[in-house]
Amino acid sequence: MSDAILRAEGVHKRFGRLEVLKGISLEVKPQEVMCLLGPSGSGKSTFLRCINHLEKIDAGRLWVDGELVGYRQEGDKLHELRDAEVARKRTAIGMVFQRFNLFPHMTALENVIEGPVQVKRVDRTTAVREGRELLDRVGLADKVGVYPAQLSGGQQQRVAIARALAMKPKLMLFDEPTSALDPELVGDVLDVMRGLARDGMTMVVVTHEIGFAREAGDTVVFMDAGVVVETGAPREVFDNPQHERTRTFLSKVL
């Protein structure tokens with residue numbers, strides 16, 4: 001087993017007759033930021049959901065920090081884990097969605113501390129202190145008592161990032177975190193993500209923000225039609241793509 005935080009080996013996923021992932025294999029090392037690019041329908045978001053077992057894979061293997069995702073292996077056989085065990089292992093993976101999925105009846109701070117208190121059984125005093133620190137980290141120290149409906153989309157997304165970080169994950173997944181935001185709100189969210197990258201958080205980011213991928217990414221993966229077409233350092237992929245499909249895509253987004 002490698003020292004990768006995330007390892008995917010021949011991952012397949014289908015929905016009925018539609019094969020969405022056709023054998024994805026890749027690795028993400030500790031403190032690496034991997035950016036997944038590609039057209040809509042290429043399988044990027046589905047792959048992200050498979051990493052934390054929100055979707056069950058049909059073939060292949062996924063490991064996070066050396067542990068199989070969703071299964072245990074006994075000899076040559078795989079046995080699916082119980083829901084409670086899946087949920088426990090999922091706490092090692094933070095996920096930020098396109099839509100913020102905040103609890104509307106809870107303040108920003110209450111949203112952030114809910115997971116640590118209810119799932120990890122952190123005492124409330126500690127959770128509140130750490131929650132305030134996280135909201136400060138994402139630039140929302142003055143919004144601790146504010147409800148989601150009173151926040152802009154960018155502010156809600158930053159609360160969602162703080163909420164994911166509150167579980168102290170080993171891996172952060174971002175599923176197009178700026179796609180639902182007004183253009184003027186995108187920068188604040190990307191600034192928070194750049195800060196996480198500088199601090200050494202291991203991240204897999206599905207994004208159309210080429211500037212972010214070029215600046216903060218260690219590895220860029222271009223996917224199309226359920227396969228990895230090209231992978232490499234941002235400078236290699238953006239400045240000298242090797243595959244015609246990558247060149248065609250980049251010519252439309254750069």
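Since the structure is predicted, the reported quantities are computational estimates derived from the model, not experimental observations.
No more than 12 heavy atoms of other residues, nucleotides or ligands shown are found within 6.0 angstrom of CZ on Arg132. Counting non-hydrogen atoms of neighbouring residues, nucleotides and ligands closer than 6.0 angstrom, the NZ atom of Lys120 exceeds 12 such neighbours. For CG of Asp199, the number of neighbouring non-hydrogen atoms (other residues, nucleotides, ligands) closer than 6.0 Å is greater than 12. Atom NZ of Lys170 has 12 or fewer heavy atoms from other residues, nucleotides or ligands within 6.0 Å. Summarising the local packing, CZ of Arg194 is surrounded by more than 12 heavy atoms from other residues, nucleotides or ligands at distances under 6.0 Å.
Donor-acceptor pairing under 3.5 Å is recorded for the side chains of Ser45 and Asp175. Side-chain contact annotation: Thr246 with Glu230, donor-acceptor N/O pair under 3.5 Å present. A donor and an acceptor atom, one from each side chain of Thr219 and Glu32, are located under 3.5 Å apart.
Of the candidates Val192, Val159, Asp188, Val192 is the only one forming a side-chain contact (heavy atoms from CB on, under 4.5 Å) with Val138. The side-chain contact (heavy atoms from CB on, under 4.5 Å) test with Leu21 is passed by exactly one of Lys44, Met223, His12: Met223.
Ring orientation note: the planes of His53 and Tyr71 are nearly perpendicular, at an angle over 60° on the 30°/60° scale.
At least one side-chain heavy atom of Arg72 sits less than 4.5 Å from a side-chain heavy atom of Leu81. Contact annotation: the side chain of His243 never approaches that of Arg247 to less than 4.5 Å [non-hydrogen atoms, C-beta and beyond]. When side chains are defined from C-beta on, Phe222 does not count as touching Cys35, because their heavy atoms never get closer than 4.5 Å. Residues Val205 and Met193 are in side-chain contact: their nearest non-hydrogen atoms beyond the backbone lie under 4.5 Å apart. Val20 is not listed as a side-chain neighbour of Arg14, based on a closest heavy-atom distance of 4.5 Å or more. Within the 4.5 Å cutoff, no side-chain heavy atoms of Met172 are placed close to those of Thr202. Leu54 places a side-chain heavy atom less than 4.5 Å from the side chain of Met95. Ile51 is listed as a side-chain neighbour of Leu173, based on a closest heavy-atom distance under 4.5 Å.
When hydrophobic clusters are built by joining Ile, Leu, Val, Met, Phe, Trp and Tyr residues whose side-chain heavy atoms come closer than 4.5 Å, directly or via intermediates, Met167 is not grouped with Ile113. Residues Met201 and Leu171 do not share a hydrophobic cluster, clusters being chains of Ile/Leu/Val/Met/Phe/Trp/Tyr side chains in contact below 4.5 Å.
Nearest heavy atoms, Val96 versus Ala164: CG2-CB, 4.2 Å. Across Ala127 and Val122, no two heavy atoms sit closer than the pair N-CG1, 3.9 Å. Nearest approach of Pro234 to Gly217, heavy atoms of both residues: CG-O, 3.2 Å.
Between the OG atom of Ser42 and the CG atom of Asp224 there is a distance of 6.5 Å, given to the nearest 0.5 Å. Rounding to the nearest 0.5 Å gives a distance of 11.0 Å between CG of Leu135 and CD of Gln155. Here Leu36 contributes atom CG and His208 contributes atom NE2; the two are 11.0 Å apart, rounded to the nearest 0.5 Å. The NE2 atom of His105 sits 8.0 Å away from the CG atom of Asn111 when rounded to the nearest 0.5 Å.
The side-chain tip of Lys252 does not point at the ring of Phe249 from less than 6.0 angstrom away and within 45° of straight on.
A salt bridge links Glu85 with Arg88; the closest basic N to acidic carboxylate O contact falls under 4.0 Å. Between Glu27 and Arg7, at least one side-chain N (NZ, or NE/NH1/NH2) sits under 4.0 Å from a carboxylate O, which counts as a salt bridge. Between Glu130 and Lys168 there is a salt bridge, since a side-chain N of the basic residue sits under 4.0 Å from a carboxylate O of the acidic one.
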